[in-house]
Amino acid sequence: MIDISVHKKLQSTSGTINLDVDFHISNGKLLTLYGKSGAGKTTILKIIAGLLKPDRGSISVNGNIWFDEKRNINLKTQKRNIGFVFQEYSLFPNMSVKENLIFALSKAQDIKIVNDLIEIIDLGDLQSRDPNTLSGGQKQRVALARTLVQRPEILLLDEPLSALDDEMRIRLQQYILKVHKEFNLTTILISHDISEIIKMSDYLMELDHGKIVSQGTPKEMFMFNADSKEIQLSGEIITIERHGKDARVTVLLGRDLINISTDFETVKALKPGEKIRITSTHFNPVIQKMK
Amino acid sequence: MMDWNPLILTFKLALITTVLLFMISIPLSYWLAYTKSKIKPVMETLVSMPLVLPPTVLGFYLLIAFSPSNAFGSWLDTWLGLKLVFSFEGLVIASVIYSLPFMVHPIQSGFSNLSPTLKEASYVLGKSKIKTLNKVLLPNIKSSLLTGIVLSFAHTVGEFGVILMIGGNIPGKTKVASIAIYDEVESLNYTVANNYSMILFAITFIILFLVYLLNGGYLKKIK
C-alpha cells in the first residue's frame with residue numbers, strides 16, 4: 001500500500017500551480033493519472049521517486065516512510081525500491097542493450113535476472129545492439145526491462161508510450177500488463193489515451209492544476225448503460241457550420257467523424273476543439289461484424 | 001645551435017597544467033552544470049575572467065600575492081616551503097588559473113547538454129552520484145573532455161604575458177618557448193626565433209587538427 005499526501009508549489013509555463021494531492025494505492029494495482037499537460041502528473045511520479053522534494057506532506061510505502069517533512073525524513077532515490085520509465089528515451093548510449101541491463105544489477109545480484117528479462121520482454125535479437133540504432137518502441141522495451149532488473153515493488157511509467165505508433169503502443173501495453181502481473185508490481189501510469197487507460201487501469205485519477213478533480217474505476221468514469229435506450233458519446237468538435245437557424249456540427253468520435261444537424265442556438269457557445277458530450281434517446285443499435 | 005630547453009619546459013608545463021586542470025575541472029564543471037545555488041553566476045564569472053582579462057593583470061596580481069614580502073607569499077614559504085615567484089611551481093599555478101575556462105567551459109556544456117533523464121535513470125537504478133558520474137555521464141561527454149584537454153594544453157603552450165610577469169625569463173626554470181622567441185627576436189636572432197615558432201606552429205596545428213578529426217567523426221568513417 002502506497003500512501004501519498006503531498007504539497008508542492010510548481011512554476012510552470014502557465015504560472016504557479018499548487019500541487020496538492022492525497023491518495024493511496026493498494027498493492028498490485030495499476031493506477032493511471034491523466035489530465036492536461038502541466039497538471040502535475042510527472043511531478044507526482046518524480047516526487048514518489050525522490051527526484052523532486054515536496055514542500056510538505058508524507059509518503060509511505062507498506063509502512064516504510066519514504067518522505068515525511070515533519071520528521072525531516074527524505075529517503076534518497078537510490079534507496080527507494082522503484083522502477084521508472086521516462087517519456088524520453090533514457091538508455092545509456094555508451095552501453096549496449098545488454099550492458100544497460102547489467103549496469104542496473106545491484107552488487108550482490110545474480111545475472112540470471114538479466115537473462116530472464118531478455119526472455120520475457122523478447123530482447124534476444126537486440127541484446128548486443130547500440131541503443132542509438134533502436135526504434136522508439138524497442139528503446140522503451142529495453143528501458144522497461146532495465147528498470148525491472150532490481151525487482152522494484154513500484155513501477156512508475158511517465159507516458160512511456162506517447163511517442164509510439166499504434167501498433168507499437170499496443171504491443172508495449174501488453175508487455176507492461178505482463179510484467180505488472182508477473183512481477184506483482186504496483187504501477188502508476190501516466191497516459192492521455194482513453195482506450196489505453198480503459199484497457200490497462202484498475203483505477204484512474206484525473207488531475208487539473210495540481211488537484212485531483214475526478215477519480216474512479218474506468219467503468220465508473222467512462223461507461224454508460226445503453227440499456228435505457230439512451231446513449232452518451234464524448235467527442236471533439238471539428239467544425240460548426242451555420243445554415244440560418246440550423247447548424248451542422250462535425251464531431252470526431254474516436255476515429256470516426258460524424259455530422260450532426262441541430263439548432264444553432266444550442267451550439268453557438270461552442271468552439272472547434274472543445275470536448276463535448278452527445279446524448280441520444282431512442283438508441284436502437286444493430287451490431288454487425290466489420291467487413 | 002638551438003637550445004631545446006624552452007620547448008621541453010613549455011610542454012612539461014602544458015602537460016602538468018592540463019592534468020591538474022582536468023582533475024579540478026570535472027567536479028567544478030559538474031557543480032556549475034547542476035547547481036541551483038545563488039552564487040553560481042559569481043563562480044561562472046570568476047572562471048571566465050581569464051578569457052577577457054589582460055594576462056599581465058592576472059600575472060601582476062599573482063606576482064603581488066605570491067611575493068615573499070607579502071603575508072600570503074611568506075606563509076606559503078614558511079609553511080609549505082613553496083616559492084611561487086620566478087619558479088616553475090608558480091608557473092603551473094598561474095597557468096591553471098589562466099587556462100581554467102578552456103577546460104571548464106567545454107566540460108560544463110557537455111554536462112548541460114546531456115539529457116537530465118540519464119542521470120535520473122541511473123539514480124532510480126540505485127546507482128550513487130559517483131558511479132553515475134563515472135559510468136554514465138563522463139563516458140557520454142568524451143568529445144567535450146577531449147576538447148577541454150586539448151584547448152587547455154594548446155592555450156598553456158601559447159601563454160606569454162602571465163609567465164613573463166610571474167616567472168620572468170630564467171633559463172631551464174621559467175624560460176618557456178614563447179618567452180624564448182621574444183628573447184631571440186630582441187637579440188635579432190631571427191633564425192632561432194623562427195625555429196621555435198615553426199615547431200610551436202606545427203605542433204599546435206597537429207593537435208587541433210586531430211581533435212577536429214576525432215570529434216567530427218572523420219576517423220570513424222574511414223574505419
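Order of the sequence lines sets the chain letters (A, B, ...), proteins ahead of strands, with each chain counted from 1.
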Does a donor on one side chain sit under 3.5 Å from an acceptor on the other, for S99(B) and T156(B)? yes
No-hydrogen, no-angle side-chain donor-acceptor test under 3.5 Å, S96(A) and D130(A): no
CG (L76(B)) and NZ (K83(B)) are apart, to the nearest 0.5 Å, by 11.0 Å
Rounded to the nearest 0.5 Å, what's the gap from CG on L52(A) to CG on L45(A)? Could you check? 10.5 Å
Ring geometry between F11(B) and F153(B) (parallel below 30°, tilted from 30 to 60°, perpendicular above 60°): parallel
For the residue pair W75(B) and F72(B), categorise the inter-ring angle as parallel (less than 30°), tilted (30 to 60°) or perpendicular (more than 60°). parallel
Considering only heavy atoms, which portion of [X] lies under 4.5 Å from any heavy atom of chain B: side chain, backbone, both, or neither?
| X | value |
| --- | --- |
| L51(A) | side chain |
| K46(A) | side chain |
| L156(A) | neither |
| F84(A) | both |
| S106(A) | backbone |
| F103(A) | both |

Please identify, among S128(B), G126(B), S115(B), the residue contributing the most non-hydrogen atom pairs under 4.5 Å to chain A. G126(B)
Who wins among A121(B), P139(B), S122(B) for the most heavy-atom pairs under 4.5 Å with chain A? A121(B)
Looking at chain B, which one of A49(A), A143(A), P93(A), G83(A) has the largest number of heavy-atom pairs inside 4.5 Å, strictly under? P93(A)
Taking all heavy atoms of L200(B) and all of A177(B), pick out the closest pair and write down the distance. CD1-CB, 4.0 Å
Select one option (side chain, backbone, both, neither) describing which atoms of K142(B) are under 4.5 Å from chain A's heavy atoms. neither
